[in-house]
Structures are given as C-alpha cells and as structure tokens.
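Below is one structure, written out as structure tokens; comments come after it.
Just follow the structure's listing: the first ligand is 1, and inside any ligand the first atom is 1.
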Amino acid sequence: MSKTFVRLITAVSLSASLCGIAQSANQQKQDVFGYTNTPIIPGTQWHVHDPRRPQPEVVTPKSAVVQQAPADAIVLFDGSNMDAFERSKDSKPVQWLIEDGVVTIQKDPKTGKNQSIRTKEKLGDMQLHIEWRSPVKTDKKRQQKGNSGLYIMGRYEVQILDSYQNPVYPDGQAAALYGQTPPLANASLPPGVWQSYDIVFEAPKFDDKGKLTKKAHATVFHNGVLVQHRTPLNGPTGHKSVKEYQAHGPSPLVIQDHSSPVSFRNIWVRKLGNLN
Ligand code: MG
C-alpha cells in the first residue's frame, strides 16, 4: 500500500452552530480512505480517488431488477456454462465456479492466480444487463470488499463493490465510473443479496486519423435506480491516474477478478448498432 495513502475524516450531516464552535450531537462521521496526491480529474475540482468528494446519497431499493433476455439479446450467461467467455490473459476456458445457475469468481485452481475474463464477442454500443452478488463471508474491507468490475470494451470500468454501509472514496464505489465519476446515488443492497446493473454504453468514436470525435458515455441503473445519466468518460479507466483515449474499435467486455468471490447470473447484452 502506498505511503501516500491518506486517511481523512469527513463529516457528513455536519451541523455546527453559527459561531462554528458547538457541533450537533447527532453529527455523523465517516472514515474514508483515498488519495490526494493524484491528478485532478478533468472538468472537476477533485483528485482521482479523492476522499473529500461528497458521498452520494444512500437510496436503498427493495430489490434488484431481474429481467430475462429479450429476443434479440446475446446471452452471455444463462446459468449453464461460460462458453461465451474466455480468460483475458491467455484465451483459455474460464474456470470460475458454476453452481445452481450461478457463477462465482475463483482463482485458477492450478496456479492460484486471478483470472479476469472477457467475452469472445466484440462489442461497441450496447445495452447490458447483469445480476451480481457480493460475498457475505470476507475479511476484506473498504476498496477490497467484494471488488470486481465491468471493463466495458476492456477499458472503461463500471465498478462492482460491496458499497452497502462501506464508504470508500466516491469514485471507487459501486456503480462509479472508476476513478472518474461517482454514482448519483448509493443504491447498494447488502452482501448476499442479488443486485442488478442495467447499462447503456455508447462507444467512443474516432476519425480516420485516430482522433477522438465523441467520448464514450455510460448510463447506469443500479437496482433500478438511475446512477449514471449519460455520463461522459474522460478516457480509459486508471488507478490513481488519468488516461488518454487511444483509438479502438469494438472490443470484448471484461469482468474483473479482483480477488473477491463475487457471483453473477443472468448476463445478456444487446448490440445497439452505431449510436450517435
Ligand atoms: Mg473493480
């Protein structure tokens, strides 16, 4: 862990007297880790992973949105097999654990190494539905707790994290566009409970010379709650960094293995043609 990792006590619902001395007895404090020596996120006043950035309002839904694949969808996982995926590193078959129609991240049984996976299908503009569940039993905390993620086009992460009563730097919580934009609300459900993402992703566009002509955009519903509203991406996802766009075409969807046994079911995608 970096020595620059800082701890910051931020007060939310801070209610001080007008003279600034007395504080309300019901002051709530959050202990949030993050970084303040990272680059400024373009278009904001915040550093990448800034713990001082306001925490999204907690809006707890009753349940995930469970929706079966429409007729024109590409079904990526229906509970039976992971044939639509391959391992990102070596294109070998995925060895995640499939049980009772649910697939759960696990390390490579032979090597003990993480195995992030990617779709065999290359995707661009898309509608994506996925249901996921954070592990109940874990000794991990904060940014490590139930961490996974959807790297759309292999580059742009919609974060998966156990963000139920687990405050982290806001651009790293569940449904954040990691390192760039926190969700509009924290719509997380407890670990062990199924959650859903419904995502509309607009691929970035480039001209013949590779120059960016349209940023990528993401709209995300977390358990039916709008949490990203056609949010532009500044470039590919980075950790403690800001990355520039590099021209690319349709690319696989990657699901991250971040050493947490996150489970998934009912994954499907609809290609949307060429959105403008
Ligand atoms: Mg992640």
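Counting only protein N, O or S atoms, the number found under 2.8 Å from the Mg ion (ligand 1) is 5.
Sorted by first then second residue, the ring pair (Phe, Tyr, Trp, His ring centres under 6.0 Å) pairs that include residues 103-126, not counting sequence neighbours, number zero. Counting only residues at least two apart or on different chains, the ring pair (Phe, Tyr, Trp, His ring centres under 6.0 Å) pairs with a member in residues 111-149 are H129-W268, W132-Y197, W132-H222.
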Q | Worked verdict on F33 versus H49 for ring pair (Phe, Tyr, Trp, His ring centres under 6.0 Å) | A | CA-CA 9 Å; F33 285 91; H49 316 318; over 10 Å; no
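Between Y245 and K215, some side-chain heavy-atom pair lies under the 4.5 Å cut-off.
Annotation: the span from W96 atom CH2 to S263 atom OG amounts to 10.0 Å, rounded to 0.5 Å.
Listed by chain and residue number, N147, Q159, L161, V168, Y169, Y178 satisfy the side-chain contact (heavy atoms from CB on, under 4.5 Å) test with Q143 (two or more places apart in sequence, or in another chain).
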